Each structure stands twice: as structure tokens, then as C-alpha cells.
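Positions are given from 1, in the same order as the sequence printed here. Everything quoted here is computed from the prediction, not taken from an experiment.
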Amino acid sequence: MKKWIMLIIVISLLAGCSEKGSQVKEDEESEGNAISFRNIDVKEEGGNVRMTGEVNSDTSTFYYKLKQNEKTLVNEKNKKYVNMEWQKFTIEFKLPDNIAQDGEPPFLLLYGKNEAGEVINPNYFPLDLDS
């Protein structure tokens, strides 16, 4: 009788451990949507903004928008590139007229999206409009 009870306990423990392992594997696979930026340079001249840098992502698209405080000044745009290794990119746009001159400076928000369309790895780059 004791052998049967011990056998049932061991089988229960093994079954519980194997289910947990599959959940961890699913979580690791869903975290594959990483995006990184490096060598970022932002210049503003005469109302025109030019950002250059390098991006590395698990997908072939990243997104950006211009914001100031909680207000979106330039709506979301996407940038596509060919491969999944470090790739150079350039973003150019004209500053909108509705930028507030007092308070916080506007900033470029660069980010990726997961399969559900949620923002991942947001990166904030303020624009220095005083220089």
C-alpha cells in the first residue's frame, strides 16, 4: 500500500513539473520581440529634423512619433528595413507649427510592437530646439 501511495506522489510531482516547463518555454518564445537602437544622432535645422542611427530588431519594422508632454505632434509612422541585424536608418520630417516653446521639449519616441500590437522597448530622444 505504501508503495502505491509513493508511486502516486512521484507521478503527481513529475506531471506538475512537466507542465510548468512548457509554460516557461512559451513565455521565452513570446519574448522574442526585442528592439534596440544605437549611434543615434538628432539634428534640427530650420524646422527640419533629421535622425540617423542603427536599429536591431527581431522584426523588420519599427515605429516612431513626435510627442510633447502627453500631446502627439507627429502621428505614428513606421520604418521598414531588410534584415534582422544592425541596420542604419534615417528619419526626416518637418517640425509642426504647434510646438509649445515653454515647458518640456518635444521628443522622438522610437519603439517596436509585439504580435498584439502593443508598444515594446520605447526609447525617448529629446529634441534640443534652443541650439
Side-chain angles (χ1 to χ4, degrees):
M1 182 72 167
K2 289 182 183 180
K3 290 181 181 179
W4 286 107
I5 293 174
M6 289 299 288
L7 181 62
I8 291 173
I9 291 173
V10 169
I11 290 174
S12 299
L13 287 173
L14 290 174
C17 292
S18 66
E19 289 178 24
K20 193 179 229 181
S22 65
Q23 289 174 346
V24 170
K25 186 175 180 181
E26 289 173 15
D27 290 343
E28 289 173 356
E29 289 174 1
S30 67
E31 291 177 2
N33 294 327
I35 188 163
S36 301
F37 298 94
R38 71 179 184 191
N39 300 328
I40 300 296
D41 184 38
V42 182
K43 293 181 181 172
E44 184 273 329
E45 269 187 45
N48 295 311
V49 175
R50 178 182 170 97
M51 173 185 259
T52 57
E54 296 178 23
V55 62
N56 185 358
S57 175
D58 294 341
T59 64
S60 62
T61 304
F62 71 92
Y63 302 85
Y64 68 95
K65 62 174 100 172
L66 180 67
K67 295 184 83 170
Q68 186 174 30
N69 298 321
E70 294 299 315
K71 184 177 179 184
T72 300
L73 303 175
V74 173
N75 291 327
E76 178 180 273
K77 299 189 185 308
N78 64 37
K79 195 80 170 164
K80 297 182 184 225
Y81 52 96
V82 179
N83 60 23
M84 308 301 183
E85 296 179 7
W86 286 108
Q87 184 77 28
K88 292 183 179 182
F89 71 90
T90 301
I91 297 172
E92 296 178 309
F93 61 90
K94 184 164 178 50
L95 284 173
D97 296 331
N98 59 347
I99 292 179
Q101 297 302 318
D102 55 339
E104 292 185 29
F107 60 90
L108 268 167
L109 174 60
L110 278 64
Y111 53 93
K113 287 188 176 181
N114 62 16
E115 289 86 13
E118 300 167 329
V119 172
I120 58 168
N121 301 98
N123 292 261
Y124 302 86
F125 300 95
L127 298 181
D128 183 13
L129 302 178
D130 295 333
S131 56

Side chain to side chain contact (heavy atoms under 4.5 Å, CB included) with [X]: which residues, sequence neighbours excluded?
X     : answer
Glu45 : none
Asn75 : Thr72
Asn98 : Lys71, Leu73, Pro96
Glu92 : Arg50, Thr90

Inset, instruction - List, by chain and number, the other hydrophobic cluster members for Tyr124, where Ile, Leu, Val, Met, Phe, Trp and Tyr join if side-chain heavy atoms come within less than 4.5 Å, directly or indirectly. - result: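 So far as hydrophobic clustering goes, Tyr124 is joined with Tyr63, Phe107, Leu109, Tyr111, Val119.
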
Inset, instruction - May I ask you to test the Leu66-Leu95 pair for a side-chain heavy-atom distance under 4.5 Å? - result: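 Yes, close enough: below the 4.5 Å cut-off.
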
Inset, instruction - Report yes if the side chains of Met51 and Phe93 come closer than 4.5 Å at any heavy-atom pair, otherwise no. - result: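 No; the side chains remain at least 4.5 Å from each other.
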
Legend entry - side-chain hydrogen bond (donor to acceptor under 3.5 Å, both in side chains) partners for Asp97, two or more places apart: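 Testing Asp97 for side-chain hydrogen bond (donor to acceptor under 3.5 Å, both in side chains), a comparison that skips the adjacent residues, returns none.
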
Inset, instruction - Scan Asn123, Ile91, Asn56 and name whichever one has a side chain to side chain contact (heavy atoms under 4.5 Å, CB included) with Phe62. - result: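 For Phe62, the side chain to side chain contact (heavy atoms under 4.5 Å, CB included) check succeeds only for Ile91.
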
Inset, instruction - Determine yes or no for a side-chain-to-main-chain donor-acceptor pair under 3.5 angstrom, with Glu104 supplying the side chain and Gln68 the backbone. - result: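 It does not hold such a pair.
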
Inset, instruction - Report whether Ile120 and Val55 are members of the same hydrophobic cluster (ILVMFWY, side-chain heavy atoms less than 4.5 Å apart, transitive linking). - result: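 Different clusters: Ile120 never reaches Val55 through Ile, Leu, Val, Met, Phe, Trp or Tyr contacts under 4.5 Å.
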
Inset, instruction - Report yes or no: do Ile99 and Tyr64 belong to one cluster of Ile/Leu/Val/Met/Phe/Trp/Tyr joined by side chain heavy-atom distances under 4.5 Å? - result: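 Yes, one cluster joins them.
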
Inset, instruction - State, without any angle test, whether Ser57 and Thr59 hold a side-chain donor-acceptor pair at a distance under 3.5 Å. - result: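 Side-chain D/A pair, Ser57 to Thr59: present.
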
Inset, instruction - Report the distance from atom NZ of Lys80 to atom CD of Gln87, rounding to the nearest 0.5 Å. - result: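 Here the rounded value is 14.5 Å.
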
Legend entry - Full working for side chain to side chain contact (heavy atoms under 4.5 Å, CB included) between Val74 and Lys65: CA-CA 5 Å; Val74 173; Lys65 62 174 100 172; 5.6 Å; no

